[in-house]
Amino acid sequence: MGLEIESNMLNLEIAGISLRNPAILASGFLGISQAIFERIFDEGAGAVVSKSISKYPMEGFRNPTVVVLENKSYINAVGLSNPGHESFYEEVSTNDKVPLIVSLVGSDPSDFEVMTKKFNKSRIIGFEINLSCPHVQKLGMEVGDDPQMVKSIVKAAKSNTTKPVFVKVGIGNTNLIDISQTAINAGADGITAINTIRAMKISIDNFNPILSNKIGGLSGSSIKPIAIRCVYELSKKFSVPIIGCGGVSNWEDALEFMIAGATSFQLGTAMGFDGMSIFNSINSGILKYLKKKGYQSVKELIGRSHKY
Amino acid sequence: MGLEIESNMLNLEIAGISLRNPAILASGFLGISQAIFERIFDEGAGAVVSKSISKYPMEGFRNPTVVVLENKSYINAVGLSNPGHESFYEEVSTNDKVPLIVSLVGSDPSDFEVMTKKFNKSRIIGFEINLSCPHVQKLGMEVGDDPQMVKSIVKAAKSNTTKPVFVKVGIGNTNLIDISQTAINAGADGITAINTIRAMKISIDNFNPILSNKIGGLSGSSIKPIAIRCVYELSKKFSVPIIGCGGVSNWEDALEFMIAGATSFQLGTAMGFDGMSIFNSINSGILKYLKKKGYQSVKELIGRSHKY
Amino acid sequence: MADHTNTDILRFVRIKKVIEETPTIRTIVFEDEYSIASMPGQFLMVWIPPIEELPMSVGIENVESCKFAAVTVRKYGIGSTALYHKQVGDLIGIRGPYGNCFSVPENLRNALLIGGGTGLVPLVRLFSNLLHDQIQASLIMGARTKDEILFEHKVQELLADNNLSDTAAFSTDDGTYGFNGSTVDLAESILVSKKFEIMYTCGPELMMKGVQKLGERFSIPVEASLERYMKCAIGICGSCCINDKLVCRDGTIFDSMNLKQLTEFGFSYRDKSGRPSYFVS
Amino acid sequence: MADHTNTDILRFVRIKKVIEETPTIRTIVFEDEYSIASMPGQFLMVWIPPIEELPMSVGIENVESCKFAAVTVRKYGIGSTALYHKQVGDLIGIRGPYGNCFSVPENLRNALLIGGGTGLVPLVRLFSNLLHDQIQASLIMGARTKDEILFEHKVQELLADNNLSDTAAFSTDDGTYGFNGSTVDLAESILVSKKFEIMYTCGPELMMKGVQKLGERFSIPVEASLERYMKCAIGICGSCCINDKLVCRDGTIFDSMNLKQLTEFGFSYRDKSGRPSYFVS
Ligand SMILES: Cc1cc2nc3c(=O)[nH]c(=O)nc-3n(C[C@H](O)[C@H](O)[C@H](O)COP(=O)(O)OP(=O)(O)OC[C@H]3O[C@@H](n4cnc5c(N)ncnc54)[C@H](O)[C@@H]3O)c2cc1C
Ligand SMILES: Cc1cc2nc3c(=O)[nH]c(=O)nc-3n(C[C@H](O)[C@H](O)[C@H](O)COP(=O)(O)OP(=O)(O)OC[C@H]3O[C@@H](n4cnc5c(N)ncnc54)[C@H](O)[C@@H]3O)c2cc1C
Ligand SMILES: Cc1cc2nc3c(=O)[nH]c(=O)nc-3n(C[C@H](O)[C@H](O)[C@H](O)COP(=O)(O)O)c2cc1C
Ligand SMILES: Cc1cc2nc3c(=O)[nH]c(=O)nc-3n(C[C@H](O)[C@H](O)[C@H](O)COP(=O)(O)O)c2cc1C
Ligand code: FES
Ligand code: FES
């Protein structure tokens with residue numbers, strides 16, 4: 001295991017943070033426990049994003065909260081359940097080895113002010129602002145669709161922390177490029193694209209939408225071609241790093257994101273299907289590819305498609 | 001064959017048109033030849049939508065125009081190639097048996113005025129206005145994202161034909177509900193949802209986006225959960241018929257659309273994978289389901305999920 | 001067609017039979033080939049539309065000498081009560097089976113099984129398997145009170161089939177039946193005079209913690225089936241975590257070696273929001 | 001991992017060898033198991049990144065007594081010229097094989113094959129198969145001029161291997177080699193004196209139309225491999241339609257019965273926009 005994840009051919013920097021490799025665990029996957037963060041890191045992840053944390057604890061929706069689809073995809077409406085920022089601050093207080101990015105969700109700038117101020121004291125490497133959760137009202141996407149709000153939230157976060165702040169965008173009702181532009185203008189150090197896409201599964205046996213929230217977010221292989229397009233468009237347009245997310249299932253997908261223009265990539269759904277060893281197998285795959293093709297570093301691949 | 005597609009358990013009406021069954025061929029699939037329309041009808045389709053027709057002929061993009069993905073999905077950027085409305089008017093002049101819906105695409109109201117006026121004389125059952133082609137500039141989605149334009153286009157079409165006018169929407173930069181509301185206010189008789197979603201495939205072997213247009217539209221199984229959600233939301237909100245489209249691969253999918261609120265459904269990609277016999281096999285599947293569950297008509301299923 | 005070989009994808013089953021077990025517990029019987037092929041300790045996610053989806057141990061019931069799948073549910077909150085009230089002919093959704101199962105070492109000669117409440121579902125299945133394999137198994141079955149004793153009939157039949165009489169014992173907290181006291185106390189009283197090669201346990205966590213301690217004291221390996229709040233059951237939501245383990249994927253069954261590492265075992269669990277809560281004894 | 005058993009999904013191959021066939025035609029050789037398993041008449045979609053994707057008949061070449069896949073391309077417009085200039089070691093993308101293949105009736109005794117230009121790719125493969133199966137096959141190979149005669153060597157070798165000498169004939173439009181005139185004229189001159197059980201043809205459409213007419217006149221079944229503008233090759237875009245048939249899916253090979261129904265055969269085709277254009281003779 002050790003070899004692949006430590007190879008300096010996989011090293012890279014995003015917004016001033018050094019990572020040992022580009023494979024990051026996406027927000028919402030196993031993201032509430034320090035012990036699990038450490039395990040994921042030991043399994044080979046380059047960094048870990050926490051579950052989106054809100055000011056106060058949230059129970060989330062009733063079960064069913066996840067529907068498994070064919071095609072290595074899920075629809076989920078967990079409802080942003082999380083322990084709240086105070087409890088989570090305690091949770092990560094012992095962190096000393098995991099490159100941890102804390103994902104934050106809130107409904108107004110003051111939420112972000114409070115939370116970034118608090119976590120700025122933690123041993124974490126940065127923040128990700130979730131502007132794109134597609135299934136919780138007044139949080140996530142509804143906020144992300146309001147440019148004025150995006151601006152003040154990003155400013156609130158930036159002015160209370162010295163750590164990099166990434167903004168996570170999605171396919172919502174507003175233009176992805178415009179909202180990213182707003183976030184970048186307000187000081188965002190990078191963009192994570194994309195979140196899940198609003199979707200639904202209805203049973204033909206009993207006519208019920210399966211999720212208790214009825215509508216959830218689609219993740220996994222199904223959304224990959226859309227996510228690749230978003231990363232391509234964003235990275236062509238902006239100079240801040242873009243972190244690709246959506247449907248990475250194997251090293252080929254991971255490379256496709258980087259060639260599209262991602263500085264690194266996140267994954268979640270594929271870990272559900274293949275287990276935590278996926279980080280190591282993706283990193284090994286990338287390393288083998290680099291060696292076979294004669295590259296010195298994975299960084300050489302970032303945005304290679306742009307010139308075509 | 002005959003039995004299934006003729007069973008009156010499958011009969012229904014949309015916006016005053018009677019269809020023998022709800023399975024409609026989506027626009028852009030084999031949609032330029034009268035002889036093929038007749039064959040598709042004979043294979044069991046309830047109706048056929050033509051390729052989107054523009055005022056003047058369009059060559060479309062260079063090959064590659066279609067990328068086949070795993071997951072029964074495609075990304076295409078055909079570029080709205082079509083023979084233009086005059087040639088196509090001749091093409092369908094002999095039509096006397098196919099319930100044909102002519103899809104129209106254009107960049108301003110006058111295009112639609114000219115075309116609806118012309119085809120109003122044809123033996124067709126209605127129009128579908130394509131406001132949502134995701135990969136051709138100044139046509140399709142760029143038009144569909146401009147509410148003022150949508151309004152005048154729908155008005156232009158409606159005032160030049162007595163036949164029903166459906167508006168086809170997609171996942172673009174603007175709110176699906178808002179744009180549909182605009183179209184309905186302007187007189188649209190129904191909404192078709194959804195078109196393909198902007199997506200991309202990049203080769204990790206040579207770093208090229210595969211499509212000659214680089215960006216194309218994702219269709220097929222991958223988008224089904226998103227399309228189901230759109231149909232559910234639209235049909236809960238509006239009383240005009242909603243025609244579901246996106247990833248119907250089998251009779252279960254077809255029923256899911258109807259239970260979500262679709263009055264009928266279109267399909268395309270699945271025909272690429274399974275051939276034209278798919279219409280008959282979907283209709284048979286639906287019929288078997290109806291009989292097993294003791295329903296008299298497929299109409300009973302429309303929107304059955306709404307009460308949950 | 002839907003992919004019915006992927007057991008993570010929801011499937012519907014129609015209830016074939018409902019068995020009254022105790023005044024608060026019923027067994028819901030249905031057909032499902034994947035459940036029948038499950039091992040003792042595995043669980044299903046059971047959707048009671050449109051109320052809740054809950055983890056439930058997979059049971060096996062014989063109806064007219066055919067094997068059927070089953071879950072045995074105690075009515076408690078909204079979800080379990082809705083399931084409890086389901087009737088023959090109703091549809092429920094299931095996915096799974098999930099999780100690992102109790103391991104039976106080769107050449108095992110004897111074992112002590114200690115279960116309480118619906119924790120007896122996997123344990124009675126295991127008990128039956130062990131007897132079938134001629135392993136000397138002793139089962140301790142706990143309940144709050146006489147009325148709530150679960151599967152007594154089933155176990156009596158098993159014993160009769162195997163010409164055994166005294167390898168199952170009951171304990172009730174209020175002393176209305178069998179041993180007056182906890183299953184752990186009863187186990188202890190047995191262990192002082194008899195040596196067992198392994199102990200299996202499933203039930204309330206503090207009971208299992210007690211069994212773990214007995215295991216340490218008497219140097220007997222223990223396997224315990226843990227419960228945590230489960231949302232996904234497929235290892236993504238993290239809601240079931242105990243230390244760095246996921247109960248849904250790494251468990252539900254953990255052995256002594258693991259249990260020792262799990263500082264949260266018998267100490268804390270996470271609520272629905274993920275905040276730690278603490279067991280009170 | 002990418003699904004490499006779905007031949008519709010683009011795959012990359014590295015060019016192993018380039019063979020100069022004529023001053024305007026080259027054969028590009030590469031490794032691909034699916035192409036090697038193809039039948040004469042099937043075609044690939046060949047991506048010449050980032051220029052074009054084109055349909056090309058699948059050929060087979062022996063290199064150092066191993067079978068390789070190949071396409072034989074005439075440089076013409078942008079796409080074909082880009083392919084023509086590809087070199088050993090370059091990557092091209094392929095998908096397929098697509099389409100049906102020539103059918104060989106059981107107990108066939110003899111056959112006349114009439115091909116022109118790159119239409120000889122499938123015909124020479126078919127010719128080789130027929131000879132291998134001891135079927136008396138005669139091949140007419142047409143070209144505009146001597147220099148453009150394709151596969152002469154290959155065919156001579158085939159004849160030598162089978163101890164034949166006179167079952168292949170050449171025609172050139174300008175009379176610089178072989179028969180002076182069209183392949184159809186040559187075929188006619190042969191048919192007046194010899195009876196064939198079937199004719200196979202691939203080449204310019206008006207030539208094939210001529211063969212169809214000969215077939216009617218001499219009451220010989222014909223199979224012709226048609227070309228239409230192809231975008232998808234998978235039966236969705238409709239660009240390759242001829243009457244109610246899709247050349248990519250229902251063809252490319254049609255028999256006399258079908259050809260008779262296809263009123264557009266030799267008459268009209270659709271351009272890239274789908275508008276009808278007309279063949280001029
Ligand atoms: C692996 C496993 C196997 C189980 N097997 C059985 C069984 O065979 N029979 C049986 O009756 N019960 C079983 N349970 C417990 C069962 O899942 C429910 O916890 C219990 O029925 C109460 O649910 P409720 O909705 O009625 O309670 P609620 O009123 O909704 O909640 C009360 C408490 O129940 C627990 N609970 C609720 N939902 C869940 C959940 N999704 N996951 C875990 N705990 C939850 C929580 O502690 C919660 O605080 C099992 C639990 C697990 C984890
Ligand atoms: C089934 C089939 C098999 C073929 N096999 C061979 C072969 O083995 N060797 C060979 O050299 N050529 C073959 N062709 C023809 C080849 O696909 C091209 O049409 C030709 O090479 C010219 O392409 P271009 O890009 O250079 O021409 P362009 O300058 O782009 O176009 C010139 C003309 O070429 C034709 N053409 C262009 N693109 C296509 C297309 N996608 N589909 C069909 N016709 C097209 C059209 O008639 C067009 O007007 C085959 C065609 C088909 C349909
Ligand atoms: C169960 C689940 C929970 C999620 N929770 C969050 C979250 O709290 N915050 C967030 O920004 N994204 C969340 N996401 C979205 C993921 O971070 C990611 O953007 C999405 O799943 C696409 O990546 P994938 O295809 O690799 O899973 C969640 C996704 C799933 C499936
Ligand atoms: C090759 C191709 C061409 C298409 N052309 C059109 C078109 O001209 N007009 C249109 O409205 N939609 C067009 N579409 C979109 C389809 O009509 C349909 O909305 C989409 O494919 C989703 O349905 P499906 O998943 O069943 O294919 C096209 C799709 C494909 C794949
Ligand atoms: S229940 Fe979700 S990770 Fe275990
Ligand atoms: S090439 Fe598209 S249908 Fe034949």
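In what follows, chains carry the letters A, B, and so on, assigned in the order in which the sequence lines appear, proteins first and then strands, with residues in each chain numbered from 1.
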- In terms of heavy-atom proximity below 4.5 Å to chain A, should B:Leu218 be classed as side chain, backbone, both, or neither?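 Contact with chain A involves the side chain of B:Leu218 alone.
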
Rounded distance (nearest 0.5 Å) linking atom [atom1] of [X] with atom [atom2] of [Y]:
X	Y	atom1	atom2	answer
A:Ile171	B:Ile171	CD1	CD1	8.5 Å
A:Ser305	B:Ile210	OG	CD1	11.5 Å
B:Ile215	A:Ile228	CD1	CD1	11.5 Å
B:Ser221	A:Asn71	OG	CG	5.5 Å
A:Glu256	B:Ser203	CD	OG	8.5 Å
A:Ile197	B:Ile197	CD1	CD1	6.0 Å

- Looking at B:Cys230, B:Pro225, B:Gly216, which makes the most heavy-atom pairs under 4.5 Å with chain A? B:Pro225

- Message: Below 4.5 Å, heavy-atom pairs only: which of B:Glu233, B:Lys72, B:Met258 has the largest tally toward chain A?
- Response: B:Glu233

- Item | Sequence neighbours excluded, every pair satisfying salt bridge (Lys or Arg N to Asp or Glu O under 4.0 Å) that has a member inside residues 299-308 of chain B | B:Glu13-B:Lys299

- Item | B:Tyr308 versus A:Asn208, closest heavy-atom pair with distance |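 In terms of heavy atoms, the two residues are closest at CD2-OD1, 3.5 Å.
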
- Message: Please list all pairs meeting ring pair (Phe, Tyr, Trp, His ring centres under 6.0 Å) that have one or both residues in residues 200-233 of chain A, counting only residues at least two apart or in different chains.
- Response: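 Sorted pair list: A:Tyr232-A:His306.
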
- Item | Whether A:Arg229 side chain and B:Met200 backbone form a donor-acceptor pair below 3.5 Å |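 Side chain of A:Arg229 to backbone of B:Met200: no pair is present.
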
